[in-house]
Each structure stands twice: as structure tokens, then as C-alpha cells.
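One structure below.
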Amino acid sequence: MKYILSLFLLMGISTVQCQKYFFPPTKASSSAQDSKIGPYSIAKTENNKRFITENDLTLVFESQNWLFVNAESSFMEASEKNGTVSGVFHDLSIPQVLTDSAVIQHQADQVHAGFGGLDTSYTGKGVIIGVIDQGIDYNHPDFQNPDGSTRVLRYWDHSVNGPNIPSEYGYGCVWNETDINTGICTSIESGSTHGTNVAGMAASNASANGTNIGFAPEASLIVVETDFSINNWSISIAEACDYIFKVADSLNMPAVINISLGSYYGTHDGLDPASEMIDSLLNAKEGRIVVCAAGNSGKEGPYHVRGEVTQDTSFVWMLPNPTGTAVGSINTILLEFCTDTVNSDFFFSFSADRPAPYYDSRGRTQYHHFSEGVTTDGTVLEEPILNNNGEVIAHAFIYRQLLRGQITGQIAVFDPGFAPIDSSSYLFRFQTYGTGLYDLWGGANVVPTFTHSEFETNIPDSTVLPDIVHYHMPDTLQTIVDNWNCSEHVISVGNIKNRMGHTNFNGEEYIGPTPIHVGELALTSSKGPNRMGAIKPDISASGDISLSSGSFSWLNNPANYGSMDEGGLHVRNGGTSMASPAVAGIAALYLQKCSKATHLDFKSDLTNNSIVDTFTNVTPNFAYGYGKADALNTVLAKHQSVTIDGPNGICPGGSIDLSFVSGMNPTLIQWSNGSNASTIV
């Protein structure tokens, strides 16, 4: 057994002070990344600061708990092994893409026209929208100015190195608008259209054929093309935010960033290094907003369990996955878990029960205290589940690691020789008693490349099994993606149905396959809260059956005509991927109106002026958040009248004290005589 455990340790868990997996997801071979510069976060210690200085590394960013640097993978791996650097965070996220009439549903058309009580039209002019995605096809006319020049000010491509490697980060290639306008930029979204769709929803100016305008049609764009295979992917996204905000600062422009990407696995609390860095960027300066997609796993069934542990023994049944998990064979179990150390004063064990009609135990392990022996390096506990004859039914593994005041890890049940469990019909218990609270995540279909296990929901009543009164029933909550989406500083967006259908490029009528009504939450839209109980998503917006700008590599393929609109220049897409840029576009309108507003200002005005109807029901809730986004009333929250007041009005002759009255705190006061004081004589 020791040999097998050593084999697992070589699969990527020999690190310190970082979130790790005992059974890692399928990722690109690390050898392919050895010589590539990539992002790392390391614990904020004096030793690590010396390490950065002595090795002439660039300190990209410093947050409360982490130092962010970029270095070659082989160098960091060697430095970690020889102990010259400690607390290296290894992110094993599995990034996923989370992907017109919407501007009408959310009253953005009223903002564009300057109606509804506004003083003028707002179109996002003078504001940057950063799109972190799979790239963009900047040749699409929707992203060009009237003179044919590009609206894309910068394009940082993470997937290639050079010729214009940004010195501060050391990887990728940056192109500017001149490179794009002169045709020397070689980076472009090709083979996919997700990034182009997202950018179109946020900022299309409808120049292609006058249809499918975005929410901020005159905003400028900065695009970062992500590399899903990069080491520490989530940190590369945080560095993309850092880059976009720095460019915006250099141009003296406010910026909103859209992230329609995410990973479903993690602690779901917004406390990871990437989230901490993004929070720090938002708190550092006004005129910065980040919006992201909540996720599309709401339809995958109840794959989350919140276990409230008491002195009565409680349990949940885990089901072997017949198609196999990341463990490597059929009929195996794999789950993620997280608990705070203050909530970990409980004992646990595993057992195998026969299914209906028996529900009797065929074998179990002894109990162990959940936090006993847990270290920052991570510890593996393995025990056989033996039947009454002393024969091995299966082996139960639990990998636990102490991280940021949390205990995180994985539970697995399988045969140690990578053979199936001796019977696929067993119900495997994870049972606890004591005092505490934990969260488990499974999900056989959430991410096809890293399948987990499901929980039993068809349970007997107490007349058949008295213990069932202490069963932790799985739920559909906490199905949101991890990292920044779980931060209370980032706007998380759920997905409502945008339209019933449309005429496609083949001249056929496409009608959405679900019974969901227009304006109703899509079945796939992920639910909150975050693990700490904060409302997520924050808001909902139109996503499903949206039509948006498409990349020409996609548009020119006849196989895609059925998913294009009748004009042949826009693509049908959906999910929270499209709902998120709708809100990002609203944020750009908001920043045009009030460029010095903070991300907290926007969140407050967005959520306090949302649309609440029969679909949303009582808000806030964990499906719609605070309701549906309302562009007009969100912008109007920063548009209040100002009354000039003086004794007996304003009369010619003599001296008179004048002051103003407004419900808002001004950032600038300017009287006709040039004074900036709050009152004048």
C-alpha cells in the first residue's frame, strides 16, 4: 500500500500551504510547461521575499497573504523541492467556458437614447471593457469604429510567447491597436467563438448589419486570451485583471472586466490567492468593476451536501460512479470537501450498506477525529472497509490539508489495485458525530473531464431505517463556480432566458428546447450561496438564446449555419457566459455616468434597483440574486437633480449666499464664476 500512495504523491501533491488534490484532474503534462514562464503565488513570508530578490524575480503583486511572481515551472519546482521557497500555491482548476433583445429587456436601450429622465445618452464611451476569454475576432465590424479602425486597444494572448512578451509578467504576447490596424497582429480567436460572442454582448456597436447591438456600444476593449493549460490558471486570470486595470490607468479611463470562465471545484469562499488579488485591485482605486458568470451546473442535480454535525450520528450515502471517476476505474467514488477549522470538532468513519430492502451495514472503518494529524503538507488516511468475514470490500481514502484556517481535500473509495469495488450496489456512508459543519461536492456530469460521484436522494422512511432521520439530504445549492465568483467584491451573474427563438441562417425557425419562459431563470443557471453564506449570484440577466457577434472562423463553417442568425454575422449562444457581459455592459454605462464610482457603489445601485417580478419571487435568493438587472434605474441612481437655494430665491443686485441641495455627495462642484466651494456669495 505504501508504494501506491507514493505513486499518488508523484501526481502533484508534494507542495506546501496550497490547495491541492490527492487525485488530481486531467491537465496538460507538466513537462510541456517546464520551460514556460507562468504565474505563481507564494506565501507572504520574509524568506520568500528574500527568494524573490536573490533570484531577480519580478514581484507582480502583493496582497494580504500572498506574493505573486512569474517564473519557469522547472525552476519553481526545484526551488520548492530544495526548500528555498515555501507555501507555493498550485491551482488545479479545470477552467470552463460559461456561456439584441436583451438590451430591451434590461432597459439599456433607454440609456442609449438618453430617455427615462437621463440628461443625455450613455453608450459606454470613454470606458474600457476588459474581456478575459478565448480571444476575439477583431475583424468583425461590430468591433470597429466608423472609419474601420479597431476598438480593441490591447490584446494579450496567454497562449503564445512573443514577439511582444510583457516584461512585467514574462509570458504571452501583447498587441496594441496599431498592430491590429496594420494587420501584423497574429493573435485572433479561431476555431471557437465564445470570446467574440461575449465581447459582442457587452460592446457590439451593430456596425456589421445594424442588428444585435451590445450594452455598451461605444466602449473601448482590452482583450486577454487565456490559456487553459497554463500552470496556476486562476492566478493568470488575476494577472489579466491587473494588466487591464494598469492599461486603463495609463489612459486615465475607468474599466470594467468580464470573466465568463470558471472552475467548479474548490472551496467556494473567495479566499483563494486569485480572488484575494482581484479584491485588492478593486479596493485599490475607484472606477474599477469586475463581473463574472455564476456557472451552468444548476441542472446537474443535487451534488452538494451541507453536513451539520451533532452528537447524534448523521450520514450521507455516496454512490459509486458506474462510468468511473478520476481515480481511474468504474464503480469508484470521488468527492471534494471543505470545512473551517473552528467547525471541525467531529469524528468520521466510512461504511458500506446494502441497498433496499436491506439497508444493513456490511462493513465499516473505525472513527477518526476530522482535524487530528492534519498538516499544511496534507495527509492521507487510508483504511480498508472489511465485511463480517474480514474480507476487503473497498478501501476508503481521505486526503486532508490545512489551508487558510480551513481543512480541504478529497474523499475516495475504490479498490487499491484500481479494480472496481467488489459490488456496485453498495451505498457507502460518510458518517459523523460531534460538533461542526462541512460541505461536500460531487457531480458525475459537472465537468466531463473530471467526473465525480453522486449522492443518494431516494431514501427510505424511518419505519424502514430509523437512522434516516439523521440523513444529510443533498441539495442544489452551492453549484456556482469557484474563485472570484465567490467574492463579495465581484458581481456574479445568473442566467435568464432571453428569447423564445430566432430564424437561423438556413432560413429555419429555431425554438428553444426547454419549457422555460422568456425572463425566467434557465434550468442550467448555477445556484448560490458561497460557502460562507453570502448571496450568490448577485444579479441575473438575459443569457439563453442570445445572438451576438461571431468569429469568422465559426461563421464561415456551413456546419454552424443552424446556430447563426438569419443575417449570417451573429451566433446563438447562452448560459451565464452571455448573461455576465450584459451586466458588464451596464457597468460600463454606469462608469461613463460616474467614472469615480467604486465597485461597491455599482453593486449597491445595481442590486437596489433590480427588477423583481413573479419569476424572481422574493429577493434576494440563491437563484436570481437580488433580481434582474435594470440598466436604466441603475444609471439613474447616479443621476439626481440639484437645487440651487438662496434666501427668497435668486435676485439681481447686492450680495446673496447661494448653496446647493442634492441627495448625492458631489465629486466636483463648479459654479459659473469658477468657484469649486460648496457655497458662494
Side-chain angles (χ1 to χ4, degrees), residues 298-322 331-340 343-370 383-389 391 393-396 398 411-413 421-445 452-479 527-529 531 533 621-623:
K299 193 179 178 181
E300 297 306 327
Y303 67 87
H304 167 260
V305 169
R306 164 142 294 195
E308 296 186 13
V309 184
T310 67
Q311 293 303 320
D312 293 316
T313 301
S314 54
F315 69 101
V316 63
W317 275 318
M318 310 172 292
L319 301 177
N321 188 330
N331 295 326
T332 55
I333 287 171
L334 182 64
L335 304 170
E336 313 289 328
F337 70 80
C338 184
T339 184
D340 295 305
N343 292 325
S344 63
D345 187 17
F346 59 88
F347 295 82
F348 71 94
S349 73
F350 299 94
S351 68
D353 298 345
R354 286 197 299 173
Y358 309 103
Y359 296 114
D360 57 336
S361 175
R362 305 303 293 170
R364 68 178 63 227
T365 69
Q366 62 178 316
Y367 278 93
H368 300 271
H369 194 277
F370 196 80
E383 271 199 285
I385 301 176
L386 305 177
N387 63 20
N388 293 334
N389 296 323
E391 299 166 333
I393 295 175
H395 283 250
I398 184 166
I411 291 171
V413 180
I421 297 168
D422 73 339
S423 173
S424 62
S425 63
Y426 284 129
L427 301 171
F428 285 90
R429 285 195 191 201
F430 176 68
Q431 52 194 6
T432 55
Y433 73 89
T435 303
L437 185 72
Y438 65 83
D439 289 281
L440 290 175
W441 293 272
N445 301 309
H452 282 52
S453 307
E454 302 289 0
F455 301 102
E456 181 61 83
T457 57
N458 184 20
I459 61 174
D461 60 36
S462 58
T463 61
V464 176
L465 182 66
D467 289 354
I468 208 68
V469 297
H470 302 300
Y471 190 75
H472 294 308
M473 182 61 75
D475 59 55
T476 57
L477 299 179
Q478 293 194 39
T479 56
K527 312 296 189 303
R531 191 178 64 85
N621 56 56
F622 300 139

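One is the number of the first residue; the rest follow in order along the sequence.
- A heavy-atom distance below 4.5 Å is found between the side chains of M473 and I459.
- In this structure, E300 CD and T479 OG1 are separated by 9.5 Å, a value rounded to the nearest 0.5 Å.
- E308 and H472 share no side-chain donor-acceptor pair at under 3.5 Å.
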Does the pair M318 and R429 meet the rule for a side-chain contact (heavy atoms from CB on, under 4.5 Å), with working shown?
CA-CA 6 Å; M318 310 172 292; R429 285 195 191 201; over 6 Å; no
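- At distances below 3.5 Å, not a single donor-acceptor pair connects side-chain atoms of S344 with backbone N or O atoms of F370.
- Contact of the E383 side chain with the H395 side chain is not registered, since no non-hydrogen atoms from C-beta on lie closer than 4.5 Å.
- With E454 contributing its side chain and A444 its backbone, the two residues share a donor-acceptor pair below 3.5 Å.
- Side-chain contact between T435 and Q311 is present, with at least one heavy-atom pair separated by less than 4.5 Å.
- Between N321 and H452, the side chains place no donor N or O within less than 3.5 Å of an acceptor N or O (distance only, hydrogens not considered).
- For the atom pair H368 NE2 and F350 CZ, the distance stands at 8.5 Å (nearest 0.5 Å).
- Within a 6.0 Å sphere centred on CG of D360, other residues, nucleotides and ligands contribute more than 12 heavy atoms.
- Taking the six-membered ring where tryptophan is involved, the planes of F347 and H369 are perpendicular, since the angle between them exceeds 60° and thus also 30°.
- K527 and D475 are not joined by a salt bridge, as no carboxylate oxygen comes within less than 4.0 angstrom of a charged side-chain nitrogen.
- Separating the CG atom in L319 from the CG atom in L427 is a distance of 6.0 Å, to the nearest 0.5 Å.
- L335 contributes atom CG, which lies 7.0 Å from atom CD1 of I333 (distance to the nearest 0.5 angstrom).
- Using a 3.5 Å distance cut-off with no hydrogens or angles, the side chains of S349 and Q431 do pair a donor with an acceptor.
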Using the rule given for side-chain contact (heavy atoms from CB on, under 4.5 Å), can you reason through R531 versus C338, listing the C-alpha separation, both sets of side-chain angles and the distance that settles it, and then say yes or no?
CA-CA 9 Å; R531 191 178 64 85; C338 184; 3.5 Å; yes
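- Atom CD of E391 sits about 10.5 Å away from atom CZ of R362, to the nearest 0.5 Å.
- Scanning both residues, V413 and A394, for their nearest heavy atoms gives CG1-CB, 3.8 Å.
- The only option from Y426, F455, Y471 that meets the ring pair (Phe, Tyr, Trp, His ring centres under 6.0 Å) definition with W317 turns out to be Y471.
- Taking each heavy atom of A412 and L334 in turn, the nearest pair found is CB-CD1, 4.1 Å.
- The closest side-chain heavy-atom distance from V316 to L440 is below 4.5 Å.
- Contact detail for T332 and S453: the closest heavy-atom pair is O-OG, 3.4 Å.
- By the 4.5 Å heavy-atom criterion applied to side chains, D467 and Y359 are not counted as neighbours.
- Counting heavy atoms from C-beta on, the side chains of N331 and P322 come closer than 4.5 Å.
- In this structure the side chain of F430 reaches within 4.5 angstrom of the side chain of F348, judged on heavy atoms.
- Pairing each heavy atom of L477 with each of P529, the nearest pair is CB-CD, 4.3 Å.
- Rounding to the nearest 0.5 angstrom, the gap separating the OH atom in Y367 from the OG1 atom in T313 is 4.5 Å.
- Across all their heavy atoms, S351 and S361 have their closest contact at CB-OG, 4.3 Å.
- Looking at F315 and T432, their side chains never come closer than 4.5 Å, going by heavy atoms from C-beta outward.
- The pair R364-D353 does not meet the salt-bridge criterion, since no charged nitrogen lies less than 4.0 angstrom from a carboxylate oxygen.
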Might you work through the side-chain contact (heavy atoms from CB on, under 4.5 Å) test for F337 and I411, ending with a clear yes or no?
CA-CA 8 Å; F337 70 80; I411 291 171; 3.9 Å; yes
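- W441 and H304 have tilted rings, their planes meeting at an angle from 30° to 60° on a 0 to 90° scale.
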